[in-house]
Engineer: 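The structure follows.
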Amino acid sequence: QAQIVESGGDSVQPGGSLKLSCTASKSISHTYSMAWYRQVPGKQREWVARIISGGKITDYANSVKGRFTISRDDANYMVFLQMENLKPEDTAVYYCNRFPPSDAFWGQGTRVTVST
């Protein structure tokens with residue numbers, strides 16, 4: 001059964017760090033670009049970071065550039081998001097999916113809360 005499971009979200013103080021993990025079925029991630037997205041209650045889901053198959057090319061939204069790093073471990077079909085210097089505006093539920101995303105593969109997400 002093809003599925004995505006995100007984990008690693010937590011509540012942290014501003015300036016803190018978190019590493020999110022995404023485990024995807026082979027059929028989802030193999031040979032595909034993957035990405036992290038996030039959604040704040042009351043707002044539309046937005047793209048955060050993407051990584052091309054092979055893992056050598058990455059791209060980031062301006063809001064997280066220089067603070068977040070996306071990586072992948074294709075041997076284990078995993079995608080990661082290392083988040084540094086977290087800000088309150090980073091608070092959201094974070095999702096992993098293909099890039100472009102497939103509506104069939106949205107998981108439950110993992111919640112990140114940045115507050116004092």
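The structure presented is a predicted model; accordingly, all values stated were derived computationally and were not measured. Along the sequence shown, the residues carry numbers beginning at 1. Values below: every heavy atom of this structure, side chains too, minus hydrogens, waters and symmetry copies.
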Engineer: Drop me the distance from S53's OG to D74's CG, to the nearest 0.5 angstrom.
Structural biologist: 7.5 Å
Engineer: Quick one: side chain to side chain donor-acceptor pair (under 3.5 Å) pairs with a partner in residues 12-32, sequence neighbours left out?
Structural biologist: S17-E84
Engineer: Any ring pair (Phe, Tyr, Trp, His ring centres under 6.0 Å) pairs touching residues 66-98, not counting sequence neighbours?
Structural biologist: Y95-W106
Engineer: Find the distance between CG (D59) and CD1 (I51) and round it off to the nearest 0.5 Å.
Structural biologist: 11.0 Å
Engineer: How far apart are the closest heavy atoms of V40 and A92, and which atoms are they?
Structural biologist: CG2-CB, 3.9 Å
Engineer: Working to the nearest 0.5 Å, report the span between SG of C96 and CG of L20.
Structural biologist: 9.5 Å
Engineer: So, for I52 and S33, which heavy atoms are closest and what is the spacing to 0.1 Å?
Structural biologist: CD1-OG, 3.2 Å
Engineer: Would you say that I70 contacts M34 through its side chain, given a criterion of any heavy-atom pair below 4.5 Å between the two side chains?
Structural biologist: no
Engineer: Determine the sole option in T91, T110, D90 for which the side-chain hydrogen bond (donor to acceptor under 3.5 Å, both in side chains) test with R38 is passed.
Structural biologist: D90
Engineer: Please answer: with hydrophobic residues joined when any side-chain heavy atoms are less than 4.5 Å apart, are M78 and F99 in the same cluster?
Structural biologist: no
Engineer: Test your reading of the model: is there a side-chain donor-acceptor pair from R67 to the backbone of N85, 3.5 Å cut-off?
Structural biologist: yes
Engineer: Working to the nearest 0.5 angstrom, can you tell me the gap between R50 CZ and I57 CD1?
Structural biologist: 8.5 Å
Engineer: For E89, enumerate each residue passing the side chain to side chain contact (heavy atoms under 4.5 Å, CB included) test, keeping only those at least two apart in sequence or located in another chain.
Structural biologist: K87
Engineer: Any side-chain heavy atom of Q108 within less than 4.5 Å of one from E6?
Structural biologist: yes
Engineer: Please answer: with hydrophobic residues joined when any side-chain heavy atoms are less than 4.5 Å apart, are L18 and Y60 in the same cluster?
Structural biologist: yes
Engineer: Could you pull out the closest heavy-atom pair between G9 and V112, with the gap in Å?
Structural biologist: CA-CG2, 4.1 Å
Engineer: Among W36, W47, Y37, exactly one meets side-chain contact (heavy atoms from CB on, under 4.5 Å) together with N97. Which residue is that?
Structural biologist: Y37
